Amino acid sequence: MLGNYYIPIYNFLNNIVDQEIVEVLMPNKMSNETIVEGSKFSPDFACIPFKYNMGNYLSELKKGANVLIQAGGGCRYGYYFEVQEQTLKDMGYDFTFISLLGENGLNIKELYHKFKLLNAKLSFSTFCYQGALAIAIIKIMDDFETYMRDKYNLQIDSKSFDTIHKKMLQDILQINTLAKLYQFKDEYIKKLKAVALRKITKDDIKIGIVGELFTSMEPFSSFYLEKELLNYNCIVKRYTTVTYLLLQKRFSRKKVMKKASEYIDYHFGADGAETIAHTLELIEEEYDGIIHIKPFGCSPEINAMPILQKISRQKNIPIMYLTFDEQTTATGVKTRIEAFYDMLKMKKEQEKESREEAYESY
Amino acid sequence: MNHIKGYIGIDIGSISTKGVIMDEENHMIASEYIWTEGDPIKATKNIIETFKKTLEEKEIKVDIYGIGTTGSARNLIGTILNANVIKNEITAHAIGTLNTFPDARTILEIGGQDSKLIIIRNGIVVDYAMNTLCSAGTGSFLSSQAKRLGVTIEEIGDIALTSRNPSKIAARCTVFAESDLVHKAQIGHSKEDLIAGICNSVVKNYLNNLAKGKVLEDKIVFQGGVSKNKGVVKAFEDILNKKVHVDKNSHLMGAIGIAIISKNVNKNGNKLEFDFNLQNVEFKTIGTECNGCSNTCEIVKVYKDNELIEKMGGRCEKGNQISNIV
């Protein structure tokens, strides 16, 4: 369960299993309960994704799930599933755990054998086809949401995007072939392009979000940071999506190093180097402010912070740092977001005044 | 007797509540500073009552054209006073300070439970930091340690200034600072050295937490409740090796700022409905949990004389539809 990504996974599972024998459970949405229950059975100093994971697993196990699936990751997150599996088994739950990433990263053959547990008749070709379909769905969802973040404040009727988005998430659940998906894609691209937009001006505030992947992609864990910014009529750009992690990241490692070469000489785990490179890219694209987010104790992102502070000083760009843990009040985060927005707005107004003065002097 | 235009600014912090009335030229007509004592509504009522008396004594008639609230209870009090602007304290502090020190470039602010650093260039905020995880570098740490040493918070500043050799006290974390303090006291450090040591540790904690990677340029202005503490002011000056300016109204800057913002927001110049007789109005808040989904948002319902005026805290529409029955 991560943002809306439960949809392609749910789809994928339903398409590869015999639905008469195996029931795929739709996960509960992230909520206070997830984090409260999850933290009870998590080490205090494990980062927040661990606690959300645990909360999710527990709620599904209570519903009767006996197979759990986890994605795995590039930092210590990669070790989490073993700890979680042991903890849950110690608690007396009986289940099989499938981690999408193996010891040596993503291995399709290995993964196929893991999923064969769910359906002995599953052929390799069906598995690959459905896998590709799931990835294609993820790509379409990500493209859709990226477009939405970029254009959200430009829509003339403030509800247009939300309505289409909601409908899209419902419709996409029905997709089970690539042909249907492409038809679906065309239909929604048309709908998206049909949304009436105003022109972008120099007064629009552009904010980039960089940082750790879980807090970037699961809105609940960041107190709906993006939504909050969109409601302030900001243009929001975020690099981290599942598409990026699955398809683009491995091919852009060299590019990332090149971009950030002025500041770093090597990758330092997870998305640390990417954070630096993306920050530099956002500055080149004349973004007004950058928000760096991470869970408490996230070492790759902590390593990136002093470098970001240096960039902020040298390039004269405000960067706000937000750290999330299991706190439950949003007020502190809201205060900081509002102040950050106010600051950027005041800056814009001053720029505007000086532009107008420059015109007048002609 | 002439009626003049007035703008009310209330800054309701965790420890203290600050209120001012400003006139159209941004001069202060009335001000008040009291402890919140965990009851922001009562504190606000008392402040408005004091305003009423001050205005009567000064024989000034004020028409209210703007009401602004800031600080951690800004939403609740904003609802009660029917404020025309409710804003975060960072923006409010910056605006308030720039009114007194137009050439300020760095604002240090230490309050009861949080601290902020605001960087200003050419009269606008360009960067800020606010402490996130811990309250070590704040007023509540100072007051709890003052209690431990048997002095009042008001005395700390003067005592600290008499120290010649401040004790070194860990600045990283309150827990370590406290055990350091106890240890130093037990091996015989004098009280003034210990107190000066605490002041230094607050400043070091502040600078370590907030000033990382930021350039603190003149003119430096220090405000918030803790700025009234001469010991901390001196510690800042010693450590930064720069002059630190403290205004006589340094504790009111947030309230001044939000009053000025309320003036700027009221562009049409309409007079607002406001009654200074707030003491007799009964406000009641009831906290409930919305059971619309598993988020269980904490909804606070605000009643004015038993009439529901606002529901706050819901993340979606469901929270607003929660039943109106008390």
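Lettering follows sequence order; numbering is per chain, from 1. Just so it is clear, the model here is predicted, and its values are computed rather than measured.
- For the options A:Q350, A:M346, A:K347, A:E33, heavy-atom pairs under 4.5 Å to chain B are most numerous at A:Q350.
- Residues A:Y321 and A:L308 are in side-chain contact: their nearest non-hydrogen atoms beyond the backbone lie under 4.5 Å apart.
- Side-chain contact annotation: B:N266 with B:Y7, donor-acceptor N/O pair under 3.5 Å absent.
- Looking at A:K310, neither its backbone nor its side chain comes within 4.5 Å of chain B, counting heavy atoms on both sides.
- Using a 4.5 Å heavy-atom threshold, the side chains of A:T34 and A:N28 count as separate.
- Interface remark: A:M305 contributes no atoms to any contact with chain B (heavy atom separation under 4.5 Å).
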Determine, stepwise, if the pair B:T17 / B:I10 fulfils side-chain contact (heavy atoms from CB on, under 4.5 Å). CA-CA 7 Å; B:T17 299; B:I10 311 260; 4.1 Å; yes
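- Side chain to side chain, A:K40 and A:S42 fail the donor-acceptor criterion of an N or O pair below 3.5 Å.
- With hydrogens and angles disregarded, no donor-acceptor distance shorter than 3.5 Å links the side chain of A:T275 to the backbone of A:A304.
- Taking the six-membered ring where the residue is Trp, A:Y52 and A:F214 present parallel rings, their angle staying beneath 30° rather than reaching 60°.
- The backbone N or O of A:R336 lies less than 3.5 Å from a partner atom in the side chain of B:Y128, making a donor-acceptor pair.
- Contacts of A:F340 with chain B are made by both backbone and side-chain atoms, with heavy-atom separations under 4.5 Å.
- Taking the side chain as every heavy atom from C-beta outward, A:Y263 and A:Q314 approach each other to under 4.5 Å.
- By the 4.5 Å heavy-atom criterion applied to side chains, A:V333 and A:F324 are counted as neighbours.
- Only the side chain of A:S312 comes within contact range of chain B, with heavy atoms under 4.5 Å apart.
- Between the side chain of B:T36 and the backbone N or O of B:S16 there is at least one donor-acceptor pair closer than 3.5 Å.
- Applying a 4.5 Å heavy-atom cutoff, the residues of residues 81-94 of chain B that approach chain A are B:I86, B:K87, B:N88, B:E89, B:I90, B:T91.
- Listed in order of number, the residues of residues 96-111 of chain B that approach chain A to under 4.5 Å between heavy atoms amount to none.
- In summary, of the residues considered (A:E301, A:Q309, A:E212), a side-chain hydrogen bond (donor to acceptor under 3.5 Å, both in side chains) with A:H292 occurs for A:E301 alone.
- Listed in order of number, the residues of residues 225-235 of chain A that approach chain B to under 4.5 Å between heavy atoms amount to none.
- Residues A:K348 and A:K352 have side chains not in contact (no heavy-atom distance under 4.5 Å, counting atoms from C-beta outward).
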For a side-chain contact (heavy atoms from CB on, under 4.5 Å) check, start with the C-alpha distance between B:I120 and B:V126, then their side-chain angles and the critical distance, and finish with the verdict. CA-CA 6 Å; B:I120 293 179; B:V126 292; over 6 Å; no
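- Salt bridge absent: B:R74 and B:D11 never bring a charged side-chain N and a carboxylate O closer than 4.0 Å.
- For the 3.5 Å distance criterion, the side chains of A:S222 and A:T215 fail to qualify, holding no donor opposite an acceptor.
- For B:N122, the parts lying under 4.5 angstrom from a heavy atom of chain A are both the backbone and the side chain.
- Aromatic ring pairs are classed by plane angle as parallel below 30°, tilted from 30° to 60° and perpendicular above 60°; the pair B:F236 and B:Y206 is perpendicular.
- Side-chain contact between B:E310 and B:I80 is absent, with no heavy-atom pair separated by less than 4.5 Å.
- When the heavy atoms of residues 202-209 of chain A are compared with those of chain B, none of the residues falls under 4.5 Å.
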Mind running salt bridge (Lys or Arg N to Asp or Glu O under 4.0 Å) on A:K63 and A:E60 for me, showing each step along the way? CA-CA 5 Å; A:K63 277 198 258 167; A:E60 298 318 305; 3.0 Å; yes
